[in-house]
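Each ligand, and each atom within it, is numbered from 1 in the order the structure gives. Position 1 is the first residue of the sequence; numbering continues from there. Side chains included, hydrogens not; waters and symmetry mates left out as well; all remaining heavy atoms used.
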Amino acid sequence: GMHTVGKLMKVFVTRRIPQEGMKILSAAGVCEVSLWDSEEPVPRTELLKGVQGAQGLLCLLSDKIDTEVLDAAGPNLKVISTLSVGFDHLDLDEIKKRGIRVGYTPDVLTDATAELTVALLLSTARRLPEGVEEVKNGGWSSWKPLWLCGYGLSGSTVGIIGLGRIGMAIAKRLMPFGVKRLLYSGRTAKAYAAEVNGEFVPLDTLLSESDFIIVSCSLTPETQGLCDKAFFSKMKNTAVFVNSSRGAVVNQEDLYQALKNGQIAAAGLDVTTPEPLPTNHPLLTLKNCVVLPHIGSATYSTRGIMSDLAARNLLGGLQGTDMPSELKF
Ligand code: NDP
Ligand code: DGY
């Protein structure tokens with residue numbers, strides 16, 4: 001604003017972010033932004049330096065915000081605004097202890113992420129990357145009755161683990177493909193599941209009855225490693241597994257074995273551990289595993305809106321006013 005009274009508040013932004021957010025921060029005239037001006041993550045040592053004395057921190061999911069970072073920031077830190085809906089990279093216990101507010105970006109990325117998850121499911125089930133490869137490498141000799149066959153959604157049972165904002169948006173998009181039953185599991189049944197005729201079932205029921213299993217829950221101590229050997233062994237051999245939540249929900253060694261041994265048909269992953277997945281990772285040797293580089297929310301429009309929201313969350317926290325999307329924890 002025109003009448004900036006007193007000193008500007010110090011803010012550290014850990015990456016080059018879409019201009020929507022930067023414009024909002026400069027127009028507000030209340031903060032002095034220090035930016036890690038790169039497409040690549042801020043190195044840990046630079047993060048620890050950059051946050052020193054900051055009142056606000058705008059971070060990404062690749063920045064682990066723990067005791068060390070909070071200590072480096074010091075007592076002035078009022079607000080952490082993350083450019084993500086996931087907040088498993090934030091040590092909420094430590095953040096709460098220090099009375100720091102947190103902003104995140106729910107809802108605005110739901111459609112983009114659900115759309116990408118459906119794209120990944122179809123690509124995996126209908127083997128699109130394999131097909132594209134065969135066209136290029138001369139493997140396409142003729143139309144063959146059983147070549148590159150996969151699995152379709154029509155008449156199928158879909159199981160969604162974590163029917164939250166994104167899970168529900170995925171369900172709504174899949175139903176028009178002729179899905180017969182929509183099962184979901186989680187901590188609690190959801191009234192809104194009625195919109196997709198969703199049946200709340202125990203995880204074991206979901207695993208044994210689903211033709212497609214989609215993981216869209218948040219990463220928590222409870223969901224970490226949830227998809228392990230026992231999990232995959234309960235799935236149908238013809239079932240397709242899709243994860244667009246966080247890589248750590250999956251035990252990747254167990255997934256590799258399940259795919260290799262034909263315990264399950266195929267897997268599509270938008271998220272892995274670590275990220276990036278090393279190019280020599282065993283999962284990348286499998287034709288029935290489709291791995292994407294964490295692009296769920298990656299549309300130009302969505303990323304712009306996320307940036308805008310993250311900036312406004314940051315300003316609310318700095319000024320002690322409402323934040324458009326404050327995490328209550
Ligand atoms: P929500 O909070 O709306 O949904 C999370 C769901 O997880 C809730 O419905 C919750 O169900 C469920 N859940 C929590 N604990 C468990 C559990 N123990 N078992 C099963 N389900 C559980 O979040 P969003 O839908 O907005 O986002 C979900 C996640 O998707 C984010 O946390 C993020 O990690 C990931 N994400 C990934 C993106 C990508 O690019 N691939 C993009 C955006 C988000 P209940 O209440 O019943 O426990
Ligand atoms: C999130 O927001 O948590 C995603 O992983 C990236 O959009």
**Report entry** Within-4.5 Å side-chain heavy-atom neighbours: Asp88 and Ser218
**Finding:** no

Query raised in the report: Do other residues, nucleotides or ligands put more than 12 heavy atoms under 6.0 Å from the CZ atom of Arg126?
Result: no

Query raised in the report: Among protein heavy atoms, which lies nearest atom 35 (C) of ligand 1, and at what distance?
Result: Ser245 O, 3.6 Å

Query raised in the report: Should one rank Leu109, Leu226, Asp270 by closest heavy-atom distance to atom 41 (N) of ligand 1, which comes out on top?
Result: Asp270

Query raised in the report: So, does Pro106 sit close enough to ligand 1 that a heavy atom of it is under 4.0 Å from the ligand?
Result: no

Query - Atoms in ligand 2 with a heavy atom of Ser84 nearer than 4.0 Å - result: 1 (C), 2 (O), 3 (O)

**Report entry** ligand 1 atoms in contact with Ser297 (distance to a heavy atom under 4.0 Å)
**Finding:** 40 (O)

Query raised in the report: Between the side chains of Ser142 and Lys144, is a donor N or O closer than 3.5 angstrom to an acceptor N or O?
Result: no

**Report entry** Donor-acceptor pair, side chain of Gln257 and main chain of Asp254, under 3.5 angstrom
**Finding:** no

Requested in this report: Give a yes/no on ligand 1: does Thr188 have at least one heavy atom closer than 4.0 angstrom to it?
Outcome: yes

Query raised in the report: Got a donor-acceptor contact below 3.5 angstrom from the Thr117 side chain to the Thr113 backbone?
Result: yes

Query raised in the report: Val85 heavy atoms, cut-off 4.0 Å: which ligand 2 atoms fall inside?
Result: 1 (C), 2 (O), 3 (O)

Requested in this report: Could you see which bit of Leu83 sits under 4.0 Å from ligand 2, with heavy atoms only: side chain, backbone, both or neither?
Outcome: neither

**Report entry** Sub-3.5 Å N/O-N/O distance, Arg246 and ligand 2
**Finding:** yes

Requested in this report: Considering the heavy atoms of Ser244, write down every atom of ligand 1 situated less than 4.0 Å from one of them.
Outcome: 35 (C), 36 (N), 37 (C), 38 (C), 39 (C), 41 (N)

Query - Backbone or side-chain N or O of Arg246 under 3.5 Å from ligand 1 N or O - result: yes

Query raised in the report: Of Met306, Gln224, Glu222, Arg187, which has the heavy atom at the shortest distance from atom 47 (O) of ligand 1?
Result: Arg187

Report summary line: For Leu163, the atoms of ligand 1 under 4.0 Å from one of its heavy atoms are 9 (O)

Query raised in the report: Of His89, Met168, Arg165, which has the heavy atom at the shortest distance from atom 26 (O) of ligand 1?
Result: Arg165

Report task. Start with the C-alpha distance between Ser325 and Leu309, add both sets of side-chain angles, then the distance that settles side chain to side chain contact (heavy atoms under 4.5 Å, CB included), and finish with yes or no. Result -> CA-CA 8 Å; Ser325 288; Leu309 180 53; 3.9 Å; yes

Query raised in the report: Would you call Asp111-Arg173 a salt bridge at under 4.0 Å N-O?
Result: yes

Query raised in the report: Any N/O of Val271 closer than 3.5 Å to an N/O of ligand 1?
Result: no

Requested in this report: Please determine if Asp308 and Arg312 form a salt bridge, counting it only when a charged side-chain N lies under 4.0 Å from a carboxylate O.
Outcome: yes

**Report entry** Heteroatom proximity flag, His294 to ligand 1, N/O under 3.5 Å
**Finding:** yes

Query raised in the report: Aromatic ring centroids of Phe232 and Phe241 under 6.0 Å?
Result: yes

Requested in this report: Specify the protein heavy atom at minimum distance from atom 5 (O) of ligand 2: its residue, its atom name, and the distance to 0.1 Å.
Outcome: His294 NE2, 2.6 Å

Query - Distance-only N or O hit between ligand 1 and Val85, under 3.5 Å - result: no

Query raised in the report: For ligand 1, is there an N or O atom under 3.5 Å from any N or O atom of Ser216?
Result: no

Query raised in the report: Does Ser297 approach ligand 2 within less than 4.0 angstrom via side chain, backbone, both or neither, non-hydrogen atoms only?
Result: side chain

Query raised in the report: Side chain, backbone, both or neither: which part of Leu61 comes within less than 4.0 Å of ligand 2 when only heavy atoms are counted?
Result: side chain

Query raised in the report: Nearest to atom 17 (C) of ligand 1, what protein heavy atom do you find, and at what distance?
Result: Thr223 CG2, 3.4 Å

Requested in this report: Please confirm whether Ile166 comes within less than 3.5 Å of ligand 1 when only nitrogen or oxygen atoms on both sides are compared.
Outcome: yes

Query - salt_bridge(Arg98, Asp71) N-O dist < 4.0 Å - result: yes

Report task. Give the numbers and elements of all ligand 1 atoms closer than 4.0 Å to a heavy atom of Gly186. Result -> 20 (C), 21 (N), 47 (O)

**Report entry** ligand 1 atoms in contact with Ser218 (distance to a heavy atom under 4.0 Å)
**Finding:** 5 (C), 7 (O), 14 (C), 32 (O)

Query raised in the report: Quick one: do Lys287 and Glu133 make a salt bridge, cutoff under 4.0 Å?
Result: no

Query raised in the report: Given side chains that start at C-beta, do those of Arg15 and Leu83 come closer than 4.5 Å, heavy atoms only?
Result: no

Query raised in the report: Taking the minimum heavy-atom distance to atom 38 (C) of ligand 1, which of Asn243, Val108, Leu116, Thr113 ranks first?
Result: Thr113

Report task. Indicate whether any N or O donor in one side chain lies under 3.5 Å from an N or O acceptor in the other, for Ser301 and Thr299. Result -> no

